[in-house]
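What follows is a set of notes on a single structure, which appears directly below.
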Number of protein chains: 2
Amino acid sequence: MSESVPKYVFVENYIKEAIRKKQLVDKLPGERVLAQQLGVSYMTVRKSIDNLVNDGVLYKVPTQGTFVNPDKANRKKTRTIGYFLDSSIVAGISSPYYSLIFNAIEKYAAKENYSLVYFSDADKESFKKTLQKLDGVIATCFPRIEITILEIKQTVPVVVIDNSAADKTIPSIIIDNFNADVQSVDYICSLGHRRIGFMTGLEDSDVGKSRFAGYQYGLSKNAIPFDSTLVYRGNYSYEAGIEGAEYFLSLETMPTAIICANDSMALGAIQKLTQNGFDIPNDISIVGFDDIEVASQIVPALTTVAAPINDIAQHAFNSLKKLINNEPVEHQHIALPARLVIRQSCTKTQEVKAA
Amino acid sequence: MSESVPKYVFVENYIKEAIRKKQLVDKLPGERVLAQQLGVSYMTVRKSIDNLVNDGVLYKVPTQGTFVNPDKANRKKTRTIGYFLDSSIVAGISSPYYSLIFNAIEKYAAKENYSLVYFSDADKESFKKTLQKLDGVIATCFPRIEITILEIKQTVPVVVIDNSAADKTIPSIIIDNFNADVQSVDYICSLGHRRIGFMTGLEDSDVGKSRFAGYQYGLSKNAIPFDSTLVYRGNYSYEAGIEGAEYFLSLETMPTAIICANDSMALGAIQKLTQNGFDIPNDISIVGFDDIEVASQIVPALTTVAAPINDIAQHAFNSLKKLINNEPVEHQHIALPARLVIRQSCTKTQEVKAA
DNA sequence: TGATAAAAGTGCTATATAGCAATATAGGTT
DNA sequence: AACCTATATTGCTATATAGCACTTTTATCA
């Protein structure tokens with residue numbers, strides 16, 4: 001028993017350690033018994049136990065004893081939920097798509113008197129402490145962060161968006177990316193385009209794979225053979241858009257249209273192609289995905305697939321609310337349709353125009 | 001002294017009542033003194049006071065005494081702070097500038113184990129309940145929401161950004177908008193422009209007024225007489241940018257450059273001018289303010305004033321943390337410099353080019 | 001074997017006492 | 001007025017003891 005630690009703190013630590021080691025799992029020895037075992041006064045034991053009760057580690061039932069508090073059971077509801085983005089998304093919540101989702105979730109939450117925290121996992125300690133304060137979490141999910149998703153689920157109810165979690169008991173709200181990109185290919189084909197480039201998103205996720213698969217299915221549906229040289233492997237960033245355009249510029253025969261797996265890559269492609277003297281859409285048509293706010297504000301205004309932001313937010317919040325209230329969630333996995341918004345970044349091919 | 005109430009509860013109630021009646025406003029008598037006055041044991045007094053400390057009613061300073069906890073500090077700290085935007089900002093947290101600020105604040109807060117809630121005031125009840133959960137608030141301030149700012153201040157510590165509050169005891173972190181726009185005018189003049197249009201922000205705030213004043217001062221500094229026909233009264237929105245460009249198009253002689261009070265209006269102006277066959281920057285140069293992310297991604301990349309997002313967030317968080325911890329805030333009102341970022345939306349006037 | 005009484009266990013309230021480290025106050029000196 | 005010393009104040013840690021109301025366990029008796 002160290003001289004520098006008060007005895008009552010020593011007893012607190014002793015109890016906490018015994019709980020951690022599963023030596024104490026439910027009922028503690030009586031206060032007088034414990035005092036005798038540890039060789040301290042009864043009042044010292046009482047002081048330690050009172051502190052641990054205040055901290056929520058233990059609870060007392062008069063005349064019956066003192067018990068270990070189960071992990072999740074006794075926490076008070078805070079009516080605060082969290083929106084989680086992992087820290088590999090460098091721009092974090094300032095990313096145009098995620099800030100739209102976050103804004104929409106906050107509106108639905110506020111109507112039900114829930115406050116909304118935004119948090120990430122750059123600081124592990126802060127991440128854990130924030131989780132402890134929440135009734136539940138809506139998380140943007142990627143396969144690469146499955147461990148984090150599991151950790152969240154072990155602490156509070158969780159609903160995922162964008163990609164399903166590997167653990168299929170976690171409800172998910174995603175976009176029907178496949179049919180959205182089939183739609184884009186159909187529209188581009190309706191303008192007469194046959195040589196259609198594609199900038200993929202990250203293929204480590206269902207989002208990336210589904211958008212690419214939709215492109216491929218759209219080609220075959222329009223009797224266009226798949227040509228792998230018309231595919232640039234991107235990663236959703238503006239910089240990838242620039243590099244993708246460079247790649248297509250390097251081809252002997254450029255595509256007459258490019259479908260991008262998101263708007264940021266479309267912006268990068270427009271920048272590089274314009275710099276190289278190409279006119280959008282007269283020389284080459286561009287389609288994006290997400291319909292971030294500036295998509296309608298740039299020159300030319302971008303034709304893009306509009307993600308159903310409000311629907312995603314509403315379904316995610318409602319599913320989470322049910323989990324928090326221990327109610328059954330009717331539709332565990334929801335795939336929402338996305339709509340193509342036609343603006344000025346696409347035009348008919350020169351051949352169709354000449355005819 | 002009632003038989004049915006334990007003595008320590010009686011002492012707790014006695015202290016709380018004395019606080020309520022203002023008989024105790026700051027320092028309590030010593031524990032031994034109190035025990036004597038109330039005719040109970042010293043240990044009983046200690047037990048009562050410890051409970052009131054746990055409840056946040058009192059706080060103790062070893063060797064100095066026990067004190068009444070001021071009203072605001074009554075609650076247990078949640079280590080959760082809020083970022084407030086009033087609901088008249090339709091795009092809410094998805095606005096490019098505000099989401100950057102919010103993202104930056106979250107990073108500083110997480111490092112200090114504070115969680116960050118985003119909230120608005122569309123739902124009054126939710127607004128009040130959220131306030132109750134927070135240790136403090138960083139609020140984007142406008143003169144039109146002074147009543148809301150006061151309400152926040154009456155509940156928790158508050159720091160404002162963007163505009164100072166009318167209540168000068170509230171710390172503020174703002175941008176030096178005046179010198180930022182002087183800078184823009186200087187730069188435009190250095191390119192040979194003498195006919196310089198200006199799209200104001202909202203003039204109901206210091207931000208709006210300072211940016212306009214900086215434009216005017218910049219003109220006089222460069223010996224250019226102020227011409228009120230070269231001023232369009234805007235409101236920071238993309239739509240105002242379109243209308244502003246329409247206004248300048250309607251003039252007999254258009255300006256050769258336009259300085260916009262923010263980037264969204266610059267986007268609108270570029271859109272309308274391009275539609276009307278003008279080339280940016282060859283026919284007319286454009287300057288924005290804020291340096292939102294897409295400013296660098298559009299064609300042409302926008303020359304704009306970069307708001308010191310991280311500095312604002314850092315100072316705001318640090319000031320708020322001090323308020324929460326009852327420490328003095330050294331610099332109550334901070335005006336941070338903003339830097340002009342030169343990209344592709346400006347060029348020399350045709351006259352300078354010909355020479 | 002079942003019922004009842006006694007004993008033991010349990011957290012709770014209350015008091016008394018001693019001594020520690022740090023700070024504040026009072027008094028005296030230069 | 002500034003400095004030093006002694007004393008008082010302050011919350012803190014720790015121990016000991018007594019007895020209460022209630023519940024659980026054990027022992028005893030029919």
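In what follows, every chain begins at residue 1, and chains take the letters A, B, ... in the order their sequences are listed.
Counting to the nearest Å, the P atom of dC22(D) and the CD atom of Gln64(A) are 14 Å from each other. Note: CD1 (Ile49(B)) to P (dT10(D)) measures 11 Å, nearest angstrom. For Leu28(B) and dT10(D), the CG to P distance is 11 Å, given to the nearest whole Å. Taking atom NZ on Lys27(A) and atom C1' on dT25(D), their separation rounds to 12 Å, with Å as the unit.
Every residue two or more places apart in sequence or in another chain that forms a salt bridge (Lys or Arg N to Asp or Glu O under 4.0 Å) with Glu112(A) is listed here: Lys321(A).
In terms of position on DNA chain D, the residue among Thr44(A) and Thr63(A) whose nearest nucleotide sits closer to the 5' end is Thr44(A). Between Lys47(B) and Pro62(B), it is Lys47(B) whose nearest contact on DNA chain C lies nearer the 5' terminus.
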Given the rule in the salt bridge (Lys or Arg N to Asp or Glu O under 4.0 Å) test, do Arg79(B) and Asp135(B) qualify, once you have shown the distances and angles that lead to the verdict?
CA-CA 6 Å; Arg79(B) 292 200 80 97; Asp135(B) 292 348; over 6 Å; no
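In this structure, Glu17(A) pairs ionically with Arg20(A), as a charged nitrogen and a carboxylate oxygen lie closer than 4.0 Å. Between Asp50(A) and Lys60(A) a salt bridge is recorded (basic side-chain N to carboxylate O distance below 4.0 Å).
Residue-level contact check: Tyr42(A) touches the bases, meaning some heavy atom is under 4.0 Å from a base atom.
Every pair tested for ring-ring contact (aromatic ring centres under 6.0 Å, His included) that includes a residue from residues 31-55 of chain B fails, sequence neighbours excluded, so the list is empty.
Proximity of the aromatic rings of Tyr108(A) and Tyr114(A) is defined here by a centroid distance below 6.0 angstrom, and this criterion is not met.
Heavy-atom contacts of chain B under 4.0 Å fall on DNA chain C between two terminal nucleotides, which in 5' to 3' order are dT13(C) to dA24(C).
A donor-acceptor contact under 3.5 Å is formed by the side chain of Arg32(B) with the base of dG11(D).
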